[in-house]
Colleague: 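Structure incoming, see below.
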Protein chains: 2
Amino acid sequence: MDAQAMETEVWGDITPDAARRLVVAAVEAFAERGYHATTTRDIAGRAGMSPAALYIHYKTKEELLYQISGVGHRRSLTLLRQAAEGGGTPAGRLRTAVRSFVRWHAEHHTTGRVVQYELGALGPEHYAEIVELRRRSEATMRSIIEDGVRSGDFDVPDVSGTTLAVLSLCIDVARWFNPDGRRTPDQIGELYADLVLRMVRPG
Amino acid sequence: MDAQAMETEVWGDITPDAARRLVVAAVEAFAERGYHATTTRDIAGRAGMSPAALYIHYKTKEELLYQISGVGHRRSLTLLRQAAEGGGTPAGRLRTAVRSFVRWHAEHHTTGRVVQYELGALGPEHYAEIVELRRRSEATMRSIIEDGVRSGDFDVPDVSGTTLAVLSLCIDVARWFNPDGRRTPDQIGELYADLVLRMVRPG
DNA sequence: CGCCACCCTGAGCAACCGCTTAGCCGCCTG
DNA sequence: CAGGCGGCTAAGCGGTTGCTCAGGGTGGCG
């Protein structure tokens, strides 16, 4: 699946077409340059429109970021929830959680970069809402690890520190992933799942 | 060691005093808001000067960033080099490398944030130079892991992928570290060193 | 066929930005 | 003591920014 199709997967249900084109353009520009270095003229230009058109569909530039951030966080939280609620062993659930979280951040690395690294550009109320979503993602990952500790499958002296480490691994993929690189998102997902299982494996 | 002393450690040898105050102010502002959201008025204000004073000591705003980035990268590369060149076992060297790299990013998380997340704001020549320093850091960490694989101390199917994962862990500390948090930089360093050793431990 | 609503553009506004310049002040040296 | 130099400030410049407004065009509906 190429980059274009990937973006369509995430933003495909935004209507009308113009609003969707603006969001896609904003994701690309924010991922490439950062929120503050991106201008509304830049976004509109990439969407094939004038700067004023942006304000037909979005109240402010920050609202664009908020929408992107919300969708991205909800999507990735859903993945973690699905892994946590899956059957099987704790190791299987952790493997699935890491693999799909990492794969998502690799496949959607442009969205991932915006979602993970542009929080500081959100307004206070939007920020609080997004931080709550992030807390839930952390809580979901921690509960998978806790389950494994309880069942004896995992040996984890510091559960919350380890949870933070696992999330760092997954999230940071968005920062360095290169679509022209040697590994596919799947391969990175498998590698990281293996690395994380070794982190929690009893000695 | 409090935050003030920490900054002095990194920037203490910059003269004259005004230039040092400007750099320290820039580090704080860039870490807090990002390069592009920080204005020269903001930096100068934090240093107790007028905006024009900045240009007595630095050619441009980007040169400030370049100096911060250079110092930060050189410092952290030196830590890795020292760990790699240390005696003892491969596991000992990896433990030292991770512990001190993580501790540095925690103790100097404001500098670390600028160093790790504001690369995109550098001009092309400065960027190329900094990327070279980052490559050396990665090569140093990889050589520590390779030594362990060669000696049989480590079991690592994908050395470069694992190296990237280890660096992600260490670097990302700068993003989330909170001085008011429950763990000290030392404790996080120990935890992460342990986690990394488990990642490479033979099964 | 005419009207209305929606989407968009061109032009512009008020504020802000990185950086420059002219002049002042204090300190040091001859 | 006077002059020069370095460091700094106040003021400003040219350009850019996020956002607004008036008007045009198109499509759909009565």
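Lettering follows sequence order; numbering is per chain, from 1.
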Colleague: Counting C-beta onward and ignoring hydrogens, is there a side-chain heavy-atom pair between Gln67(A) and Leu64(A) closer than 4.5 Å?
Modeller: no

Colleague: In whole angstrom, give the distance that lies between atom OH of Tyr66(A) and atom C1' of dG18(D).
Modeller: 21 Å

Colleague: Could you go through nucleotides 7-10 of chain D and list every protein N or O atom that sits under 3.5 Å from one of its N or O atoms, giving the distance for each pair?
Modeller:
from   : atom 1 : to       : atom 2 : distance (Å)
dC8(D) : OP2    : His57(B) : NE2    : 2.5
dT9(D) : OP2    : Ser50(B) : N      : 2.8
dT9(D) : OP2    : Ser50(B) : OG     : 2.7

Colleague: Would you mind reporting whether His105(A) and Gln116(A) have side-chain heavy atoms less than 4.5 Å apart?
Modeller: yes

Colleague: Taking the basic N atoms (NZ, or NE/NH1/NH2) and the acidic carboxylate oxygens, is any pair closer than 4.0 Å for Arg183(A) and Asp158(B)?
Modeller: yes

Colleague: So, Glu118(B) and Arg33(B), do they make that salt bridge, N to O below 4.0 Å?
Modeller: no

Colleague: dC19(D) C1' sits how many Å from Leu64(A) CG, rounded?
Modeller: 13 Å

Colleague: Which atom pairs, donor and acceptor, lie under 3.5 Å between side-chain atoms of residues 80-94 of chain A and protein residues at least two apart or in another chain?
Modeller:
from     : atom 1 : to       : atom 2 : distance (Å)
Thr89(A) : OG1    : Gly92(A) : N      : 2.9
Arg93(A) : NH1    : Gly88(A) : O      : 2.9

Colleague: Tell me, please, the opening and closing nucleotides of DNA chain C, 5' to 3', among those with an atom under 4.0 angstrom from a non-hydrogen atom of chain B.
Modeller: dC17(C) to dT21(C)

Colleague: Using 30° and 60° as the class limits, which term best fits the ring planes of His126(B) and Tyr66(B): parallel, tilted or perpendicular?
Modeller: parallel

Colleague: Is the phosphate of dT20(D), meaning OP1 or OP2, less than 4.0 Å from a side-chain N or O of Tyr55(A)?
Modeller: no

Colleague: When you compare the side chain of Ser69(A) with that of Leu122(A), does any pair of heavy atoms fall below 4.5 Å?
Modeller: yes

Colleague: Would you call Val173(A) and His109(A) a side-chain contact if the rule is heavy atoms closer than 4.5 Å?
Modeller: no

